[in-house]
Asks: 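Take a look at the following structure, please.
In what follows, chains are A, B, ... by sequence order, proteins preceding strands, each numbered from 1. Quick note: numbers below take in every heavy atom, side chains included, and nothing from hydrogens, waters or symmetry partners.
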There are 4 protein chains.
Amino acid sequence: MIVILKKNPNPDQVQGLVSWLEGKGITIHRSVGANETVFGLVGDTSVLDIGLISALDIVEDVKRVAEPYKEANRKFHPEDTVIKVGNTQIGGGNLTVIAGPCSVESEEQIIGIAKAVKASGATMLRGGAFKPRTSPYSFQGLGKQALDYLSAAKRETGLPIVTELMDISQLELFDDVDVIQIGTRNMQNYDLLKAVGRQEKPVLLKRGMASTYEEWLMSAEYIMSEGNPNVILCERGIRTFEPSTRNTLDLTCIPLLRKQTHLPILIDPSHATGKYALVPAMSMAAVAAGCDGLLIEVHNDPQHAWSDGAQSLRPDKFDTLCRNLLSMHEYLGAMPRIDYE
Amino acid sequence: MIVILKKNPNPDQVQGLVSWLEGKGITIHRSVGANETVFGLVGDTSVLDIGLISALDIVEDVKRVAEPYKEANRKFHPEDTVIKVGNTQIGGGNLTVIAGPCSVESEEQIIGIAKAVKASGATMLRGGAFKPRTSPYSFQGLGKQALDYLSAAKRETGLPIVTELMDISQLELFDDVDVIQIGTRNMQNYDLLKAVGRQEKPVLLKRGMASTYEEWLMSAEYIMSEGNPNVILCERGIRTFEPSTRNTLDLTCIPLLRKQTHLPILIDPSHATGKYALVPAMSMAAVAAGCDGLLIEVHNDPQHAWSDGAQSLRPDKFDTLCRNLLSMHEYLGAMPRIDYE
Amino acid sequence: MIVILKKNPNPDQVQGLVSWLEGKGITIHRSVGANETVFGLVGDTSVLDIGLISALDIVEDVKRVAEPYKEANRKFHPEDTVIKVGNTQIGGGNLTVIAGPCSVESEEQIIGIAKAVKASGATMLRGGAFKPRTSPYSFQGLGKQALDYLSAAKRETGLPIVTELMDISQLELFDDVDVIQIGTRNMQNYDLLKAVGRQEKPVLLKRGMASTYEEWLMSAEYIMSEGNPNVILCERGIRTFEPSTRNTLDLTCIPLLRKQTHLPILIDPSHATGKYALVPAMSMAAVAAGCDGLLIEVHNDPQHAWSDGAQSLRPDKFDTLCRNLLSMHEYLGAMPRIDYE
Amino acid sequence: MIVILKKNPNPDQVQGLVSWLEGKGITIHRSVGANETVFGLVGDTSVLDIGLISALDIVEDVKRVAEPYKEANRKFHPEDTVIKVGNTQIGGGNLTVIAGPCSVESEEQIIGIAKAVKASGATMLRGGAFKPRTSPYSFQGLGKQALDYLSAAKRETGLPIVTELMDISQLELFDDVDVIQIGTRNMQNYDLLKAVGRQEKPVLLKRGMASTYEEWLMSAEYIMSEGNPNVILCERGIRTFEPSTRNTLDLTCIPLLRKQTHLPILIDPSHATGKYALVPAMSMAAVAAGCDGLLIEVHNDPQHAWSDGAQSLRPDKFDTLCRNLLSMHEYLGAMPRIDYE
C-alpha cells in the first residue's frame, strides 16, 4: 500500500501514523520529494482499512498495491480450482454447457428441455424457480413446485441442476439442487453470501451488473472465507450507456481474471444481450476467449415463455450451437498457446 | 405501449397477437407504414410482460408509453406523500436533516454526536449497526449492541433513528428503530423489499448504484404493493467512468422524479462523493435543487472512525453547514417559483 | 416515429402539429387512450427533427421507430459492402489482419515490422504518423516523416497502409496512404468527416469511446452522404466503470451491427484492453464472433516503443496469434450456420 | 510516480530501468516487500510516459502521484484566474450568466433574445453559428451569416458574444467573437485546441461527454501550453446508463476542480438535461455548489426553434430564473464559509 502525504504535513501527525502502522506490524519505506512524501507500506496490508487512512488530515491519497482478496487469489493458490458436480466437472480445461429455460413452467416443459439439451451436449440443467423480476406485477417463479419439477428432470436425465437462491429462507428447499446460483442483484447481499459460504454446495456467483472485477472477487471471498471453496464466477453483462443491448457482455474478464484468480469463469450470453439472435455469436466468442463454460437459455416455445422469451434459443438452434461450441473448443485445444509469465 | 412489427409479418401470427391482446382487455390502434406496422395498445398495459411480446417473431421492437409503476406514480396520487416520524415529518416542504456516524462505535460516541447534531438543527439521527462492507475482513458493525446504543441516544435526545436493515432476520431487533434504511446493494433484494412492505415503519430506499429511475421506482412499488405506503427515496451517487469521486451524485433526479412520483426525495452527499471536503457544496446544491432532506455523515473524530472516516464531517463543520442549509431553504421558499404544467 | 401527447392537450395546438406534419408529407394514425393519445407517423420521418417535436407543450415523449441513417442501412442496401485495397479486400467473408506499431519511429523499424507481419499473414500495415495524445507533453508522432517511412515499407513489402488523419490540413500528405483512419476522439468531428467523405480513399472509422451504435452509424452516414461509400467500422473499446482495463471491448457490436448495416466491421483489441497479454484471447473472440478483421499493434521492441508499448505484441507472439486467427477463421467458415431472418 | 515491480524481477532489467530513470534526473526510493518491490520516483515525473514504463516485463503496475498538468494546476498557480470579457469578467467571485438560443436563426430573433436576456441580468450572449449535429440531415447552422447577426446583436446591446468553433478554417470569421467555445465532441481535437491556444481570445472548453476531470484539464493544458492562459471550463453533463435525461449533470466537478485548478468553472444545465423543465432547478443547484457562471439556452419560441427547442426556456421563465440566481448568489456570498486546507 502506498500512502501519499500532503506537502509540509504536521510532524506529530506523521509520527502518530507511523506508530500506528508499526503497531500493526507494517514496515514503512519513505520517499521524500519536493512536492510530496510517499510511504511504501510493507507487510500484511489487507488488515488496513484504506478509508481510514485516507481520512487523515496529512494524507493526500492512498493506493493499494496488493489485492485485498486472499482465498480467491491465484498468487496464493496457483492451481486452477476444478469443481465436481455429479458426473461432470467445471474448470480444468473442460467446457461446461449449462442450458435450460429462464423459468420452470411445468414438469413436462422442463423434462422436455432437459432431454433436448442433454442430447445436444449440455452437461447441466438450469431453470428458475425463484425469479428476481423488476416489477412486482410480473411472474415471480413457481417456487417450491419448480424445484420439484427440476428434481424430476434430474431423475429423468441425470443432469445436475443449477438454480437461483434469492433468500436464505429458501435454502432448506435446495436439498436436491447441485449448484446454487447467486444472481446479479444479490452479488453484494452479504448475509446471503455468508449463508452459502457456510454450506457445501458449489456456488455460481454472477457478477453484479455494475460491479468491478475486484468487488466481484471480494464477494467470492465472502463465500470462501466462511469455508466454502467451490465458487464459480459468471459474467452476465455490465451496464453501460449503449441502449441497443440489455447489457454489454465483458468478455475481457476471461483472460484478465484468469491471471488473478484460480476460480472457474463462466459466461451467460443470454442475459447479457437480451436477444436470442446475438447468443450464438457471443457464445462462440466466449469459448474462443477461453471461458470454462456457458449458461444458455433454451426454451421449447420462447414465444410463450413466462419470462425472458426474447433471449431464449429454440432447441434446434441450440443443438447446432452446442455442437459448434464443443467442436471449436476441441479445435482450440490443439492450437499453439501464447503464454505470458 | 407501442408494438412495432417487422416488414411483411406472418398474418396468422399477427392475428394470434391481436387475439391474445384483446383477451387481456387491450384495444389496438394500427398504423400501417411502408416499412413497418405499428400497434398502439390502449388499456391497462401494466399487466403485459414487455419481454414476452418482444420475443415474438413478428415483432421488431416494443416501447412503453405508460409507466409500469402505479402506487408510486404521481399521475394516480397527485398529492405529495408526507411521512410523520416522531415529532418531525419528511416531505411537504420541510427540509429534514438526518445526521450521524457511518458506524455506531460506542454509547458515548453516539450520544455525543446525537446531542451535537440536534443542537445544529438535525431532526433525525443516523448510524450504522449492520454494515455492508466490500471486504469480509473489514469491520461489519456492532449489530444488536449498536441498536441498543442508538436507543440510548434516542432516549437522551428525542431524535428518531434511521438505520440499515441488511437481512430479514434482523427485523425483530428493529423495534425501537423509526425509519428502516434499505441500502444501495439491496435495492433489488426483492424478498427484503417485500418484508419491509409487510410492516409499518417508513422505509428509506437508497438508489442502487447503477439503477435507473424507473428501476428505483419499481423497487418502491415492491414495498408499496405489499401495503406500506411510507417510502422515502434517497439518491446516493451512481457509478460512472469518473475515478476522482467514489460515485457521481445525480441531483437531476430531484426535479425529474418530482414530476413522476409523490414520494419524498432525500440526498446523501457523503456516500456519493466519499470525501468530506465535497459534502458542504453538494449539500447546498441538493437543497437548491429542491430535495426534501439530506443524510450527512458526522463523526466527532473522523480520523479514528471505524469506517468511512474519509467522508465524515466534524461536528463544528456540520454545525456551520446545517445552519447554512436551513437558512438557504427558508430563503428559497420565499423566491418566485418557476412552474411547468 | 411515435408521438405521445400529454393528457387533455390543447386542441388548437394538436391541430397545429397535425397540419405541420401533413405539410411534410407525413400521414398520422391516432390511438386515443384513457391517459394519453399516441400518434403513429408514417412516411419519411428522417426529415423530422425529434428535438423539435419534443419541445412542444402538448407532447410528452417522442420515440423513433425507423433508423435515422439511410446510406449505411442494410434495409436499403442488403448486400455486404466489400472494399478493395491494393491486392486485398475488406468484408465479404475475408479476415483482414492489419498490424503494425502504434507510432512509426524510424524507416528501419517500420520496414522490419512490415516484413515480419506480412510473413505472419497480415495483409495491411498500420502505423501512426500523427498521434492524438492526452498530454501535450507526450510524443505527438513523426508526422510527414513517418508517412515517408510508411511509403518505404509499402514499396518494400507491397502492404497497403492505414494511418490516422487528425486534421483536414494533413490530407494533402496522404497521397500514398491507402486507408484513412479517423480516430475515436474525432468520431464526431463533423468537418473532418465531411472532408474524408469528399475524397475517394476508404475510411476506417473508429467508434467514439462513449458513442452508441446509432451515433457511430450516423458518423458513417456523414462520410457516405458526401459521396464516399467506402467506410469501415472499427470497434476499439468503450468507456465503462471498470478500472482494470483501459476500455471495455464491446464485441456484441459484431452480430448486432451485421443486421443493421452492410459495412465491414473490424476490431482493435490492442487499444481496447491496453495490455498485450489480453490481446490474443480477445482477437480470437472477435474472429469467433464474426468480425471482418482486426487491427493489432505489433512492435519489435515494445519496451522501448515511443508510445503505447504496453499494448503491443512482439513479432514472435503475433506470428503464433496470426496463424491461429487465420486457421480458426477457416475452421469456422466450415461450420453449420445459425441464421435468423 | 510509483512503480510496482513484479516478484523476483530480472536484476539486469531492474538496473536498466534505474539507469534510464536516473538519466532523466529522477531519484528513486525503493521499498522492498515480500511480494513486491515498489519504487517511489522523485523529481519532474511529468516528462515520463506512464505507458512506456508499464510496458516493461519487470513492471506490474505504475501509479501517478503528481498531476500530469502544470499550467492548469492550482498547486503552481494558487490565485484564481479571472478573465475580462468586454465590461464583464468571468471568475473571481462573479456569477456570469450567458444566455441565448441554441442556433441563431435570424437577425431579428437574436437581437430580440439579446435584449431580453440582458434585461433579465445576463452579461453575455450565446448563439450557435456552426452546429455539430448527430445527423448530416439536420440543420447545421447559418454559419457566417449567423456570426453577422450575432455582431448586430452585440452592437445593439453591448453583450459580448460566445459561439462555437468547429474547425480551424472558421477561425478567420471569428474577429468579432469574444469567447470561442470548443464543444464537447471536440474536447480532444488536439489540432483545434492548439490552434485556439495560439490566438488570444478566451476559450470556453466544454467537457467531453465521457471525459474524466484529468483529461479535461489536459485539454485545457493543450491550449495553455501554446500560450493562451484564458481557458474557461464548462461542464455539460456526462454519459451514463440513465435513459431519462440526455446526460447526467456532474455538479461535483465544481468543489473538486476548485481545489485542483485556478480556472473558472461554468455549468450548462440545458445541454446536460435536454429538458427545459429541469433547467431552473439544476441552475440553482449549480450556483449553490459554487460555480462561476451558467450557460442557459433561451428561445423566444422554443416550439419553432431550428434546433434543441426541447431544452430552451422562454424569456419570461428565464427572467424569473435569472433574478433568482443572482439573488441567491448574493445571499450565498454572505454566508459563513466552510473551508478545508
Asks: Below 4.5 Å from any heavy atom of chain C, which atoms of A/Leu332 appear? Answer side chain, backbone, both or neither.
Replies: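 For A/Leu332, the side chain is the part near chain C, not the backbone.
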Asks: How close do C/Glu242 and A/Ser211 get, heavy atom to heavy atom, and via which atoms?
Replies: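 Closest pair (atom of C/Glu242, atom of A/Ser211, distance): OE1-O, 4.2 Å.
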Asks: Looking only at non-hydrogen atoms, find the nearest pair between A/Arg337 and C/Thr320 and report the distance.
Replies: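 Scanning both residues, the minimum pair turns out to be O-CG2, 4.4 Å.
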Asks: Heavy-atom cut-off 4.5 Å, strictly under: side chain, backbone, both or neither for C/Arg258 against chain A?
Replies: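 Nothing of C/Arg258, per the 4.5 Å heavy-atom cut-off to chain A.
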Asks: Looking at chain C, which one of A/Asp250, A/Thr252, A/Asn324 has the largest number of heavy-atom pairs inside 4.5 Å, strictly under?
Replies: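 Of A/Asp250, A/Thr252, A/Asn324, A/Asn324 has the most heavy-atom pairs under 4.5 Å with chain C.
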Asks: Do A/Phe241 and C/Thr240 have side chains that approach each other closer than 4.5 Å (heavy atoms only, starting at C-beta)?
Replies: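 A/Phe241 does not reach C/Thr240 side chain to side chain.
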Asks: On a heavy-atom basis, which atom in C/Ile338 and which in A/Lys317 lie closest, and how many Å separate them?
Replies: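 What the structure gives for the nearest pair is CG2-CD, 3.8 Å.
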Asks: I'd like to know whether A/Thr245 forms a side-chain hydrogen bond (donor to acceptor under 3.5 Å, both in side chains) with C/Tyr213, so could you lay out the CA-CA distance, the side-chain angles of the two residues, the decisive distance to 0.1 Å, and finally the verdict.
Replies: CA-CA 10 Å; A/Thr245 47; C/Tyr213 298 151; 4.8 Å; no
Asks: C/Ser244 versus A/Thr212: any side-chain heavy-atom pair under 4.5 Å?
Replies: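 No, too far: nothing below the 4.5 Å cut-off.
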Asks: Given a strict heavy-atom distance threshold of 4.5 Å, which part of C/Ile254 is in contact with chain A: side chain, backbone, both, or neither?
Replies: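 The answer is neither part of C/Ile254.
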Asks: Flag the one option from A/Met328, A/Met284, A/Met335 with the top tally of heavy-atom pairs under 4.5 Å to chain C.
Replies: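 It is A/Met335.
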Asks: Measure the shortest side-chain to side-chain distance between A/Ile238 and C/Thr248 over non-hydrogen atoms and say whether it is less than 4.5 angstrom.
Replies: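 With C-beta onward as the side chain, the pair touches.
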Asks: Shortest non-hydrogen contact from A/Ala289 to C/Ala285?
Replies: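 Looking at all heavy atoms of both residues, the closest pair is CB-CB, 3.9 Å.
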